[in-house]
Structure formats: C-alpha cells, structure tokens
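Order of the sequence lines fixes the chain letters, A, B, ..., with proteins taken first and strands second; residue numbering starts at 1 for each chain. Computed from a prediction, not measured in an experiment: that's the story for all the values here.
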Number of protein chains: 2
Amino acid sequence: MSDALSAIERFSRYQSDDAQSVEPVHCPVRDVLDCIGDKWSILMIMTLATRPQRFGELRRAIRDISKRMLTQTLRDLERDGLITRHVFPTKPPSVEYCLSPLGRSLLDPMASLIDWADRRYSDIHAARVRFDGAPL
Amino acid sequence: MSDALSAIERFSRYQSDDAQSVEPVHCPVRDVLDCIGDKWSILMIMTLATRPQRFGELRRAIRDISKRMLTQTLRDLERDGLITRHVFPTKPPSVEYCLSPLGRSLLDPMASLIDWADRRYSDIHAARVRFDGAPL
DNA sequence: GGCCGGAGGTCTCTATGTGAGACCTACCCT
DNA sequence: AGGGTAGGTCTCACATAGAGACCTCCGGCC
C-alpha cells in the first residue's frame, strides 16, 4: 500500500495548480490510458506475452474481435512502440507480431492488475448482483 | 518479471482448451477490463484515491468529462462495489463519493501501472513520432 | 413576491468507435 | 478454371460518448 500512496502523490502532482484539474496534456497517466485504455489493447498484449503470433493466430485467440479492430489495434500498438511487425516473404506473405522490449516492460505492471482481477472479480460480481437486486 | 510470468501463465489458462481462445465468459481479465477498461474509470479511482469528493469537485478535477459520463461512470463503479455514494440532507443535497475497501485494494496494482506510465511515456511518445514520420 | 444561483442530476442531438461482412491480391493445388 | 489461404481494406449499420439545454429544490437578495 505504500507504493500506492507514492503513486497517488505523483498522480496528484499532475493536477494543474491553478485549477486542481487533471489536464490531458500534462498527465502521462492520461496519455498512457489513451494508448492501452481501449477495448482490445491489454488483451492483445497479454496474448502476445506467451509468444510472437501471426495475424490469424491472434484472431483465433481473441475470437470476438473483428478483423478491422484487430488490424487497428495492432497498428496503434506498433505506432506506440509496444509491438513490432515482421513480414515474411512467403507466398502468401505471413506477418508476425511480437512484443518489443517496451511492450515487455509493461507485463510486470499488468501482471499485478491481472492478479487483482483474479482474486477480486468474485467480489465485483457479488456487488453487482446486490446492486441490481436492490430496490430504488 | 517473474511475477509477470506467473500471471501470464494464469491468463493463458483461461484460454479454452478446444479453441485456444480467450472466451469473454470464462476470463476474469475480460470481466475486470469491462469494468475499469473504459475511458474514465481508472482516472476516477485515482482522483478519489486522495480523498472522498463530491460530484462538483470531481467535475472540476477531471475537466473534460461531461456531466453525463461523470454520472454514468460513478454509477457503474458503484454498481461494481468499487466506490460508495453518500447523500447528505443539506439544502440543496450534497453527494459524496468515496472508495470502498474493494476500490482501495485496486490502488496497489494501479500504482505500478502509473509508475510504468511515468517512466515510459516518453518512450511511447518518441516511438509515435518516429512511426508518424516514417515513409510508407 | 419574484428572480438569481448552486448542487446534482436527466434529456436530446450529434460525433466518434465498434462490428459484420463483402471484397481484394497474389499465389498454390487440383 | 476453380477453390483455398493469408492479411488485409472498404462500406454500412449500430452502440457509445460528448455538448449543452433543461429540471428541481431550496435559500438569499432586493
């Protein structure tokens, strides 16, 4: 919890002094959330964590992603330097995606999130059932 | 990094054996990402981490959130048991939001993510500039 | 009494994000 | 010649997000 406290302090510092607000421009957290805060990015990184994979493999691994979103998510992650893309001149050409060192460095922080998800998702589920069943 | 490896292993186990796919139904990670993986939830939790805050305070803290999304994000987080909502019978009534124990337990994992964001967002920025400047 | 303002919302309309699925190119196999 | 495969792009339809008007309840001011 001491780690958490220092991180919160750091986060607070990004609040601009005049308005006490989290400005998108000056807040790395906002910046990073814009990168990996979309629907598929984290899932993609986790899936690529086990091994480099090709376009079709990724589609089969995350079955409810559409081709369009798969392409777009991969492009965005490549643009942000989290994954790399290799084209092999086979016929037809095959393309392999793999985590860059920067992408791999994200695994450790994400691991603790997954850990939390694992331990606490039943609590969340219970809270949800309770909330939905409560009278208004 | 060893933590990351075990989390990845655990994540892999949620891939269904027959199809090697990350089924939404059986994957807590998917579940949790659906809760806090939206545009504002993590920011909201971080903002509430410093202290309980009222509707108007939160709006001023996260200035580019709309009233509608603020209301909805708060409702969703309340539904999932991550925050609690207290109405004080002042005139006009004031409403205070604060993290629940479950919500506070999320701070530690989120802290490591913020840590990463802090250290690495310049790398991401650099990668992006490089990508955008590259010829096709 | 009538008007203004604040707190915490809801409602409506438009802009953006997401998904489904058709299509494309180049090649191989039969 | 027809069909299959890999990795996409394109178009259309729909779901979600944002902007901003509006609402209620009250208290204070003149």
Side-chain angles (χ1 to χ4, degrees), chain A residues 19-25 30 33-44 47-48 51-80 83-98 131 136, chain B residues 20-25 30 33-44 47-48 51-80 83-98 131 134 136:
Chain A
Q20 294 294 104
S21 72
V22 179
E23 296 283 352
V25 222
R30 294 292 296 265
L33 284 178
D34 282 349
C35 297
I36 61 166
D38 67 292
K39 191 166 182 181
W40 302 110
S41 291
I42 292 185
L43 219 49
M44 193 72 65
T47 304
L48 283 174
R51 65 175 186 286
Q53 287 183 65
R54 290 171 54 185
F55 189 89
E57 286 181 289
L58 289 169
R59 251 199 109 187
R60 281 186 294 276
I62 308 174
R63 266 197 295 182
D64 54 345
I65 193 173
S66 63
K67 273 180 163 189
R68 208 176 72 80
M69 288 315 296
L70 180 52
T71 304
Q72 185 180 309
T73 305
L74 289 169
R75 286 285 177 285
D76 290 347
L77 291 176
E78 188 193 0
R79 183 167 106 99
D80 294 336
I83 65 175
T84 56
R85 178 173 183 272
H86 295 285
V87 182
F88 296 100
T90 56
K91 313 275 173 89
S94 56
V95 180
E96 190 177 79
Y97 294 92
C98 86
F131 187 93
L136 288 185
Chain B
Q20 293 293 107
S21 73
V22 180
E23 296 283 351
V25 221
R30 294 290 297 263
L33 284 178
D34 282 349
C35 297
I36 60 165
D38 67 289
K39 190 166 183 181
W40 301 109
S41 292
I42 292 185
L43 220 48
M44 193 73 65
T47 304
L48 283 174
R51 65 173 185 285
Q53 288 182 65
R54 292 172 52 184
F55 190 88
E57 288 181 288
L58 289 169
R59 250 199 110 189
R60 282 186 293 278
I62 309 174
R63 268 197 292 182
D64 53 345
I65 193 173
S66 64
K67 276 178 160 189
R68 208 177 73 81
M69 287 317 293
L70 180 53
T71 304
Q72 185 181 310
T73 304
L74 288 169
R75 286 284 176 286
D76 289 347
L77 290 175
E78 188 193 1
R79 183 167 106 99
D80 294 336
I83 66 174
T84 57
R85 179 174 184 272
H86 296 286
V87 182
F88 297 100
T90 56
K91 315 273 172 93
S94 55
V95 182
E96 191 177 78
Y97 295 92
C98 86
F131 187 92
L136 289 185

Problem - Test side-chain hydrogen bond (donor to acceptor under 3.5 Å, both in side chains) applied to B:S41 - qualifying residues, sequence neighbours left out - result: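 With sequence neighbours excluded, B:S41 shows a side-chain hydrogen bond (donor to acceptor under 3.5 Å, both in side chains) to B:D38, given in chain and number order.
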
Exercise for the section: Using a heavy-atom cut-off of under 4.0 Å over every strand shown, decide if B:Y97 touches base, sugar-phosphate, or nothing. Expected result: sugar-phosphate

Practice task
Report which part of the nucleic acid A:R59 touches: base, sugar-phosphate, or nothing (heavy-atom distance under 4.0 Å, all strands).
Solution key: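 The residue A:R59 makes no contact with any strand.
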
Show me, pair by pair, the donor-acceptor contacts under 3.5 angstrom made by side chains of residues 84-92 of chain B, not counting sequence neighbours?
residue, atom, partner, partner atom, Å
B:T84, OG1, B:C98, O, 3.4
B:R85, NE, B:Y97, OH, 3.2
B:T90, OG1, B:P92, O, 2.8
B:T90, OG1, B:S94, N, 3.2
B:T90, OG1, B:S94, OG, 3.4

Nearest-0.5 Å distance, [atom1] of residue [X] to [atom2] of residue [Y]:
X	Y	atom1	atom2	answer
A:K39	B:D34	NZ	CG	7.0 Å
B:E57	B:L48	CD	CG	9.5 Å
A:L58	A:E96	CG	CD	10.0 Å
A:R59	A:Q53	CZ	CD	14.5 Å
B:I62	B:M44	CD1	CE	4.5 Å

Whole angstrom is fine here: how far is it from [atom1] in [X] over to [atom2] in [N]?
X	N	atom1	atom2	answer
B:F88	D:dC26	CZ	C1'	19 Å
A:L70	D:dT9	CG	C1'	13 Å
B:Q53	C:dA7	CD	P	14 Å
B:L58	C:dG9	CG	C1'	14 Å
B:K91	C:dG5	NZ	C1'	18 Å
A:D76	D:dG8	CG	P	14 Å
B:I62	D:dA17	CD1	P	15 Å

List, with names and distances, any nitrogen or oxygen atoms from the protein found under 3.5 Å away from nitrogen or oxygen atoms belonging to nucleotides 2-6 of chain D.
residue, atom, partner, partner atom, Å
D:dA6, O3', A:R54, NH2, 3.2

Exercise for the section: Determine the minimum heavy-atom distance between A:I36 and A:I42, stating which atoms define it. Expected result: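 Taking every non-hydrogen atom into account, O-CG1, 3.5 Å.
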
Please report, to 0.1 Å, the donor-acceptor pairs under 3.5 Å made by any side chain of residues 67-76 of chain A, with sequence neighbours excluded.
residue, atom, partner, partner atom, Å
A:T71, OG1, A:K67, O, 3.0
A:T73, OG1, A:M69, O, 2.7

With the criterion being N/O to N/O and under 3.5 Å, what pairs connect the protein with nucleotides 16-24 of chain C, and how long is each?
residue, atom, partner, partner atom, Å
C:dG19, OP1, A:K39, NZ, 3.1
C:dG19, OP2, A:W40, NE1, 3.0
C:dG19, N7, A:R68, NE, 3.3
C:dG19, O6, A:R68, NE, 3.4

Practice task
Check whether any side-chain N or O of A:R75 sits under 4.0 Å from OP1 or OP2 of D:dG8, and answer yes or no.
Solution key: yes

